[in-house]
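Read through the structure below, which is laid out as structure tokens, and then see the notes.
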Amino acid sequence: MVASTLAVLLGVGAGAAAGRGPVKGRAAAFRWLHPASPPPGWKVARLPSGAATFAYPKLWRAIRTDPGTASVALIGQAHSIRGYLNATPRQGTETLANWPGFRIEHLREEESSKDVRLIASARGLRFRSGRGSCVIDSYHTSRTRYREIACLVAGTRTSSVLVGAAPSKTWTQQAKTIERAIASLRTD
């Protein structure tokens, strides 16, 4: 059940061009992205391959999802997911150049994702260990609407995807934490 819920949250999709225009070298929707070391007291999640790490708060906990990934969540009442982070190695034809379209199309192909909406996208974003392309999108499942930030980041040797998501109605409470976790991403 958790794995299927997380698969819905990941619903790997991509978006097109909204929010691409740079504002002082960065898309306006991604001004929050300031690559930085993890905040004091945060834990670090690591891909089993060791190719990528990201930080998350103590109240979030590691959860089991797909093999080869690292996932953590903030679990609420009735085991509902209030916030979610998942790192995975790049596995398909996604590239920094095609990431926005790739991500939205992937979400649209997911059986459980409906009404997929691209909110913003940007390329050439700076991360702690490389450059990345990101999208902000939303989609509806049979239970609720989610908002997510999904980034593909290329390091010197590998590329990794980090997705942060939360139900749209609680996004404002989780956004800063998800953004901070994404800003902590390191990939080889």
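No hydrogens, no waters, no symmetry mates; every other heavy atom, side chains included, goes into these values.
Between Asp137 and Tyr146, the closest side-chain pair of non-hydrogen atoms is not below 4.5 Å. Side-chain contact check for Phe102 versus Thr95: every heavy-atom pair is 4.5 Å or farther apart. Leu125 is not listed as a side-chain neighbour of Ser133, based on a closest heavy-atom distance of 4.5 Å or more. Leu85 has its side chain within reach of Ile178: a pair of non-hydrogen atoms, C-beta onward, lies under 4.5 Å apart. Annotation: side chain of Tyr139 is not in contact with side chain of Asp115 (no heavy-atom distance under 4.5 Å). Trp42 has its side chain within reach of Arg180: a pair of non-hydrogen atoms, C-beta onward, lies under 4.5 Å apart. Pro38 places a side-chain heavy atom less than 4.5 Å from the side chain of Val44. Contact of the Arg147 side chain with the Ile136 side chain is registered, since non-hydrogen atoms from C-beta on lie closer than 4.5 Å.
Under the 4.5 Å side-chain heavy-atom criterion for ILVMFWY residues, no single connected hydrophobic cluster contains both Leu47 and Ile63. With hydrophobic clusters built from ILVMFWY side chains whose heavy atoms lie under 4.5 angstrom apart, Leu33 shares a cluster with Ile149.
Here disulfide bond (SG atoms under 2.5 Å apart) pairs that include residues 138-188, with residues two or more places apart or in two chains, are Cys134-Cys151.
The environment of Lys169 atom NZ is sparse: at most 12 non-hydrogen atoms of other residues, nucleotides or ligands sit within 6.0 angstrom.
The two atoms that bring Arg145 and Lys114 nearest to each other are NH2-O, 4.5 Å, heavy atoms only. Shown here for Ala62 and Val72, the closest heavy-atom pair between the two residues is CA-CG1, 3.9 Å. Nearest heavy-atom pair, Val135 versus Ser121, reported as atom, atom and distance to 0.1 Å: CG1-CB, 3.9 Å. For the pair Gly155 and Thr187, the tightest heavy-atom approach, listed with the atom from each and the gap, is N-CG2, 3.5 Å. Counting all heavy atoms, side chain and backbone alike, Ala166 lies closest to Gly83 at CB-CA, 4.3 Å. Scanning both residues, Val116 and Ser113, for their nearest heavy atoms gives CG2-CB, 4.3 Å.
A donor-acceptor contact closer than 3.5 angstrom is absent between the side chains of Asp66 and Thr69.
Under the 3.5 Å distance criterion, the side-chain polar atoms of Arg123 are matched with a main-chain donor or acceptor of Ala97. Of the possible donor and acceptor atoms, none in the side chain of Glu110 sits under 3.5 Å from a partner among the backbone N and O of Arg108. Without hydrogens or angle criteria, Arg128 side chain to Gly130 main chain gives no donor-acceptor distance under 3.5 Å. Under the 3.5 Å distance criterion, the side-chain polar atoms of Trp99 are matched with a main-chain donor or acceptor of Ala150.
One distance of note links OG1 of Thr53 with CG of Leu185; it measures 7.0 Å at 0.5 Å rounding. Atom CD1 in Ile81 sits 11.0 Å away from atom OG1 in Thr170 (nearest 0.5 Å). Considering CD of Glu148 and OG of Ser138, their distance stands at 9.0 Å, rounded to 0.5 Å. Between atom CG of residue Leu74 and atom CH2 of residue Trp60 there is a gap of 5.5 Å, rounded to the nearest 0.5 Å. Atom CZ in Arg82 sits 10.0 Å away from atom CG in Leu59 (nearest 0.5 Å). With rounding to the nearest 0.5 Å, the separation of CZ in Phe127 from CZ in Phe54 is 13.0 Å.
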For this session: Starting from the C-alpha separation in whole Å, work towards a yes-or-no answer on side-chain contact (heavy atoms from CB on, under 4.5 Å) for Trp32 and Ile182.
Result: CA-CA 10 Å; Trp32 53 265; Ile182 289 171; 3.9 Å; yes
Exercise. Can you check side-chain contact (heavy atoms from CB on, under 4.5 Å) on Ser160 and Thr88, steps first, answer last?
Worked result: CA-CA 6 Å; Ser160 300; Thr88 187; over 6 Å; no
For this session: Test Thr65 against Asn86 for side-chain contact (heavy atoms from CB on, under 4.5 Å), laying out the working first.
Result: CA-CA 9 Å; Thr65 55; Asn86 171 271; 3.8 Å; yes
Problem set entry | Check against side-chain contact (heavy atoms from CB on, under 4.5 Å), Leu152 and Arg90 | CA-CA 8 Å; Leu152 171 65; Arg90 184 186 68 81; 4.2 Å; yes
